[in-house]
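Notes to accompany the following structure.
Just so you know, residue 1 is the first one in the sequence shown, and it goes up from there.
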Amino acid sequence: MNGLHLIGDIYRCRGAHDTLIRRAALEELCVGECRDAGLTPLGAYFYQFENGEGEPAGVTGTVVLAESHLAIHTWPETGDATLDVYVCNFSRDNSARARQVFHRVIEVLAPAEIVAHEVVRGRLPVGV
């Protein structure tokens, strides 16, 4: 149980607006970037929210990976999103692959600001 969890709060995205607001575009980006990085998508579920007029609003989605998962949520009204990429490093070190996916998705969204964290998971603190 050794892994890397990348967490990003992404603000005022200036990238392709369709990616924030359209389920198919966001799913294609996330699944494609996982594959391109050498991770193994097992399935994906992305949900399209609608505003009061029935037009596309935000999207929430997950890609289940053999190595763990990606989760993303968008708020196109403000241009914001949250992104989590978590990979297990049990049978091989997937850290570079996770970082590639994380940075590529952020690059496409082109935020004005990002707050990011890297959390190493599955290691007991010294003395436990």
Side-chain angles (χ1 to χ4, degrees):
M1 194 175 83
N2 177 9
L4 177 65
H5 195 161
L6 306 173
I7 303 163
D9 296 336
I10 306 164
Y11 300 99
R12 296 180 307 286
C13 295
R14 303 170 302 230
H17 185 67
D18 272 2
T19 306
L20 285 179
I21 203 164
R22 303 242 182 243
R23 181 202 59 76
L26 190 60
E27 182 173 355
E28 182 178 326
L29 170 67
C30 293
V31 172
E33 290 303 332
C34 288
R35 279 197 185 107
D36 289 351
L39 297 172
T40 313
L42 300 175
Y45 183 80
F46 281 69
Y47 181 81
Q48 177 73 65
F49 291 96
E50 295 179 349
N51 64 19
E53 289 79 46
E55 299 168 342
V59 178
T60 188
T62 58
V63 180
V64 176
L65 303 167
E67 300 82 4
S68 200
H69 70 269
L70 173 151
I72 190 164
H73 312 279
T74 72
W75 290 267
E77 306 85 357
T78 57
D80 301 334
T82 60
L83 173 64
D84 289 25
V85 178
Y86 175 53
V87 293
C88 296
N89 291 326
F90 186 73
S91 58
R92 73 174 184 188
D93 187 352
N94 291 299
S95 299
R97 292 172 185 87
R99 287 185 183 100
Q100 179 181 332
V101 170
F102 190 76
H103 293 297
R104 278 290 302 138
V105 170
I106 290 169
E107 183 179 304
V108 169
L109 297 179
E113 186 175 356
I114 179 169
V115 177
H117 304 280
E118 286 195 8
V119 179
V120 175
R121 307 218 22 213
R123 291 193 190 146
L124 290 173
V126 176
V128 175

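In this structure, the separation between CG on Leu6 and CD on Gln100 is 12.0 Å, given to the nearest 0.5 Å. Here CG of Leu83 is found 5.0 Å from CD1 of Ile10. Values are rounded to the nearest 0.5 Å. A distance of 15.5 Å separates CZ of Phe102 from OH of Tyr86, quoted to the nearest 0.5 Å. In this structure, CD in Glu118 is found 8.0 Å from OG in Ser95, a value given to the nearest 0.5 Å. Interatomic distance, Asp84 CG to His117 NE2, rounded to the nearest 0.5 Å: 10.5 Å. To the nearest 0.5 Å, the span separating CG on Asp80 from CD on Glu113 amounts to 9.5 Å.
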request  = Starting from the C-alpha separation in whole Å, work towards a yes-or-no answer on side-chain contact (heavy atoms from CB on, under 4.5 Å) for Val63 and Phe46.
outcome  = CA-CA 8 Å; Val63 180; Phe46 281 69; 3.9 Å; yes

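The main-chain N or O of Asn89 is never found under 3.5 Å from a side-chain atom of Asn94 such that the two would form a donor-acceptor pair. Between the side chain of Arg14 and the backbone N or O of Pro111 there is at least one donor-acceptor pair closer than 3.5 Å. Although no hydrogens or angles enter the test, the distance criterion places a donor-acceptor pair under 3.5 Å between the side chain of Gln48 and the main chain of Ile21. Remark: side-chain polar atoms of Asp18 are not paired, donor with acceptor, to backbone N or O of Arg22 under 3.5 angstrom.
Taking 4.5 Å as the limit, every side-chain heavy atom of Glu33 sits out of range of all side-chain heavy atoms of Glu107. With a 4.5 Å cut-off on side-chain heavy atoms, Thr62 and His69 do not count as touching. Side-chain contact between Leu65 and Thr40 is absent, with no heavy atoms from C-beta onward closer than 4.5 Å. Two residues are said to be in side-chain contact when any heavy atoms from C-beta on lie closer than 4.5 Å; Asn51 and Glu77 fail this criterion.
Cys34 and Val101 get closest at one heavy-atom pair: CA-CG2, 3.8 Å. In this structure, Thr74 and Leu20 approach most closely via the heavy-atom pair OG1-O, 2.6 Å. Here the shortest heavy-atom pairing between Pro76 and Ala57 reads CG-O, 3.3 Å. In this structure, Gly38 and Glu67 approach most closely via the heavy-atom pair O-OE2, 4.3 Å. In terms of heavy-atom proximity, Cys88 sits nearest to Ser68 at N-CB, 4.2 Å.
Cluster membership check: Ile7 does not share its hydrophobic cluster with Leu4, using side-chain heavy-atom separations under 4.5 Å among Ile, Leu, Val, Met, Phe, Trp and Tyr. A continuous path of hydrophobic side-chain contacts links Ile72 to Val108 [ILVMFWY only; heavy atoms under 4.5 Å]. Tyr11 and Val105 fall into different hydrophobic clusters, where Ile, Leu, Val, Met, Phe, Trp and Tyr are joined by side-chain heavy atoms under 4.5 Å apart, directly or via other members. Linking Ile, Leu, Val, Met, Phe, Trp and Tyr residues whenever their side-chain heavy atoms come within less than 4.5 Å places Leu70 and Ile114 in a single cluster.
In Glu28, the CD atom is not crowded: 12 or fewer heavy atoms of neighbouring residues, nucleotides or ligands sit closer than 6.0 Å.
Tyr47 shares a hydrophobic cluster with Tyr45, Phe49; the chain of contacts runs through ILVMFWY side chains whose heavy atoms sit under 4.5 Å apart.
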